[in-house]
Amino acid sequence: MPELPEVETTLRGITPYLLGNTVAAVRVRDGRLRWPVAPELRRELPGRSVAGLRRRGKYLLISFEHGHVIFHLGMSGSLRILPSDTPPEKHDHLDLVLINALCLRLRDPRRFGAVLWTREPALTHPLLANLGPEPWDVHGDYLHQRAQGRRQAVKSFIMNSKTVVGVGNIYANESLFAAGIHPARPARSVSRLRYARLASSIRRVLDDAINAGGTTLRDFVDSRGRPGYFAQDLEVYGRGGLVCHRCGARIRHKRIGQRSAYFCIICQR
DNA sequence: CAACGGACCTGCCTGC
DNA sequence: TGCAGGCAGGTCCGTT
C-alpha cells in the first residue's frame with residue numbers, strides 16, 4: 001500500500017493530533033512485525049511529549065527529546081487517530097495512547113512494517129543512513145550520472161531507494177509513462193535529456209498523488225480512515241489490456257525485476 | 001560494486 | 001463449496 005504519497009498523507013493527518021501531545025501508554029498487542037516492535041517503547045514513551053514529526057522516504061519519524069520512533073508501513077500498514085477506547089480489530093497491533101483519550105493505532109495485516117526506537121539522531125539509523133535523496137531534490141543530471149554503466153532496467157533503477165527514495169511500484173510505472181520511457185530499457189541507455197524529463201515526471205506524479213490523498217487500491221486509508229483518490233488518475237498501473245488514454249493502444253503487462261510493470265509500447269520507448 | 005532470487009506474512013481472487 | 005495457486009502498495013539479506 002504505502003508509497004511516499006500515502007506516507008506523506010498519513011504524516012499530515014496525524015501531525016496535528018500528536019505534535020506537543022503527551023504519551024500516556026504504549027499498548028503492543030502483537031509485536032511480531034518485520035522486526036520485533038522495539039521493546040523500549042513501553043518504558044521510554046509514557047510521560048513524554050512529541051517534539052516533532054517528519055517523513056524520510058517511506059519512513060515516518062516521531063521525535064521526542066530523548067529519541068525517535070521510526071515507523072515503516074510496509075505493504076499493508078496504516079496509522080489512524082482514534083478514541084483510545086475504540087475496540088481493536090484483527091490486525092491492530094500497536095497503540096500509542098495519548099493523555100487526551102485519543103490514540104495512534106497501527107494496523108498492518110501483512111506485518112511487513114516496522115516500529116523501531118533510537119536515541120541517536122534519527123537519520124544516522126542504519127535503515128536511514130544510506131537512503132538516496134528525496135524526489136524533490138533529484139534532477140536529471142544526477143540520475144544520468146548515477147545510471148552510468150548500469151544495465152539494470154530503468155524501472156528497477158528508480159525503485160532503488162539508494163537512487164531516490166519513495167518511488168514504489170505504482171509511481172514508478174506512472175512516472176515512466178509520463179516521461180515516455182520504456183520501463184525495461186537499461187538505465188545506462190536513457191539520455192540525459194530524458195532523465196531530466198523523468199525527474200520532473202516523478203515529482204509531478206508524486207505531488208498529484210499527495211494532493212489526491214494517495215492511492216487506494218484495496219485498503220489504504222488516511223489517518224481518519226478515508227481512502228485516497230489517485231487511483232482514478234492512474235494511466236498505466238493495473239490497466240493491463242485496457243486502452244492507453246494517450247494513443248489507444250493496449251497497455252502491456254509484464255514482470256520486470258519481480259515486480260509488475262505496465263506500459264504502452266507506442267508511448268514509451 | 002551490481003544484479004538477482006528468496007525471504008518475511010496475510011488476504012483476496014481465479015480457476016479447477 | 002473447497003482448495004491450490006498466484007498475486008499484492010516493500011525492502012532487507014545472502015548469493016552469484
Side-chain angles (χ1 to χ4, degrees), chain A residues 1-10 29-37 55-60 70-79 89-94 106-116 125-132 135 145-176 183-189 202 205-206 209-210 212-222 227-234 236-241 253-262:
Chain A
M1 165 227 341
E3 295 190 37
L4 187 151
E6 292 73 41
V7 178
E8 181 66 26
T9 296
T10 299
R29 280 177 289 271
D30 185 350
R32 297 172 304 155
L33 300 186
R34 174 163 196 173
W35 297 284
V37 169
R55 178 190 59 70
R56 175 73 175 104
K58 296 173 190 168
Y59 292 91
L60 201 154
I70 301 171
F71 282 91
H72 196 290
L73 300 178
M75 290 275 266
S76 60
S78 59
L79 285 169
E89 294 182 28
K90 188 168 179 188
H91 300 293
D92 292 342
H93 305 313
L94 172 88
L106 173 70
R107 173 175 299 179
D108 186 3
R110 290 178 72 180
R111 292 193 277 115
F112 283 178
V115 185
L116 304 172
H125 190 279
L127 289 174
L128 304 180
N130 297 313
L131 294 178
Q145 174 73 24
R146 249 193 154 257
Q148 292 314 301
R150 296 225 189 179
R151 299 160 190 262
Q152 184 182 39
V154 61
K155 175 168 178 285
S156 305
F157 172 67
I158 62 169
M159 289 179 70
N160 181 342
S161 63
K162 290 188 205 165
T163 305
V164 52
V165 296
V167 183
N169 204 33
I170 296 176
Y171 302 114
N173 280 297
E174 293 299 309
S175 301
L176 288 163
R185 174 175 282 281
R188 64 177 185 177
S189 78
I202 290 171
V205 166
L206 294 177
I210 290 168
T215 299
T216 296
L217 295 179
R218 168 178 291 113
D219 55 9
F220 170 71
V221 290
D222 71 10
Y229 295 99
F230 195 66
Q232 62 202 49
D233 294 331
L234 297 175
V236 287
Y237 184 86
R239 298 194 62 247
H253 178 213
K254 69 183 274 198
R255 294 191 81 78
I256 296 174
Q258 291 146 254
R259 308 302 299 277
S260 266
Y262 299 90

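Just so it is clear: chains get the letters A, B, ... in the order the sequence lines come, proteins before strands, and each one is counted from 1.
In this model, the phosphate group of B:dG5 is approached by a side-chain N or O of A:Gln258 to a distance below 4.0 Å at OP1 or OP2. Taking side-chain N and O atoms only, A:His72 has a distance below 4.0 Å to OP1 or OP2 of C:dT11. Contact annotation: A:Lys162 does not reach the phosphate of B:dA2 (side-chain N/O to OP1 or OP2, under 4.0 Å). Put simply, A:Arg259 has a side-chain N or O that comes within less than 4.0 Å of OP1 or OP2 on C:dG9. Taking side-chain N and O atoms only, A:Arg34 has no distance below 4.0 Å to OP1 or OP2 of B:dC8. Here A:Tyr237 reaches the OP1 or OP2 of C:dG9: one of its side-chain N or O atoms lies under 4.0 Å away. Distances shorter than 4.0 Å separate none of the side-chain N or O atoms of A:Ser76 from OP1 or OP2 on C:dG10.
Once rounded to the nearest 0.5 Å, the distance linking OH of A:Tyr262 with CG of A:Leu234 reads 10.5 Å.
For A:Phe220, the listed nucleotide lying nearest its side chain is C:dG9; candidates were C:dG9, B:dG11, B:dC4. The side chain of A:Glu3 approaches C:dG10 more closely than any other nucleotide in the set B:dA2, C:dC12, C:dG10. In the set C:dG9, C:dT11, B:dA3, C:dT11 carries the atom at the smallest distance from any side-chain atom of A:Lys58.
As judged by a 4.0 angstrom heavy-atom cut-off over every strand, A:Tyr59 is placed among residues touching the sugar-phosphate backbone only. Among the heavy atoms of the strands lying under 4.0 Å from A:Ser260 are primed sugar atoms or P, OP1, OP2 only; no base atom is included. When heavy atoms are screened at a 4.0 angstrom cut-off, A:Arg255 is found touching the sugar-phosphate backbone but no base atom.
If you take CE of A:Met159 and C1' of B:dA3, they are 15 Å apart, rounded to a whole angstrom. Regarding A:Asn173, its CG atom lies at a distance of 10 Å from the P atom of C:dG10, rounded to whole Å. Following rounding to the nearest Å, A:Phe230 (CZ) and C:dG9 (C1') show an atom-to-atom distance of 14 Å. Rounded to an integer number of Å, the gap from A:Leu33 CG to B:dT10 P is 11 Å. The nearest whole Å value for the distance from the NE2 atom in A:His253 to the C1' atom in C:dG6 is 12 Å. The interatomic distance linking A:Arg111 (CZ) with C:dG9 (C1') rounds to 18 Å, in whole Å. For the pair A:Arg151 CZ and B:dC1 P, the computed distance is 19 Å after rounding to whole Å. If you take CE of A:Met75 and C1' of C:dT11, they are 10 Å apart, rounded to a whole angstrom.
Residues A:Glu6 and A:Phe220 share a closest heavy-atom pair of CB-CE1, 3.5 Å. Across all non-hydrogen atoms, the minimal contact from A:Leu79 to A:Thr10 is CB-CG2, 3.8 Å.
The 5' end of DNA chain B is approached more closely, in terms of each residue's nearest nucleotide, by A:Arg146 than by the other of A:Pro109 and A:Arg146.
For A:Arg110 against B:dC9, a side-chain-to-base donor-acceptor contact under 3.5 Å is present.
Using a 4.5 Å heavy-atom threshold, the side chains of A:Thr215 and A:Pro5 count as separate. Using a 4.5 Å cut-off on side-chain heavy atoms (C-beta onward), A:Met159 and A:Arg259 make contact. A:Arg111 places a side-chain heavy atom less than 4.5 Å from the side chain of A:Leu33.
Within the shown strands, C:dG14 is the pairing partner of B:dC4 under the Watson-Crick or G-U definition, both distances less than 3.5 Å. For C:dG9, there is no paired base (Watson-Crick or G-U wobble, both distances below 3.5 Å).
Within 6.0 Å of CZ on A:Arg151 lie no more than 12 heavy atoms contributed by other residues, nucleotides or ligands.
Atom name P, nucleotides B:dG5 and C:dC7: the rounded distance is 14 Å, in whole Å.
For A:Phe112 and C:dG10, the ring-to-base geometry satisfies the stacking test (centroid distance below 5.5 Å, interplanar angle below 30°).
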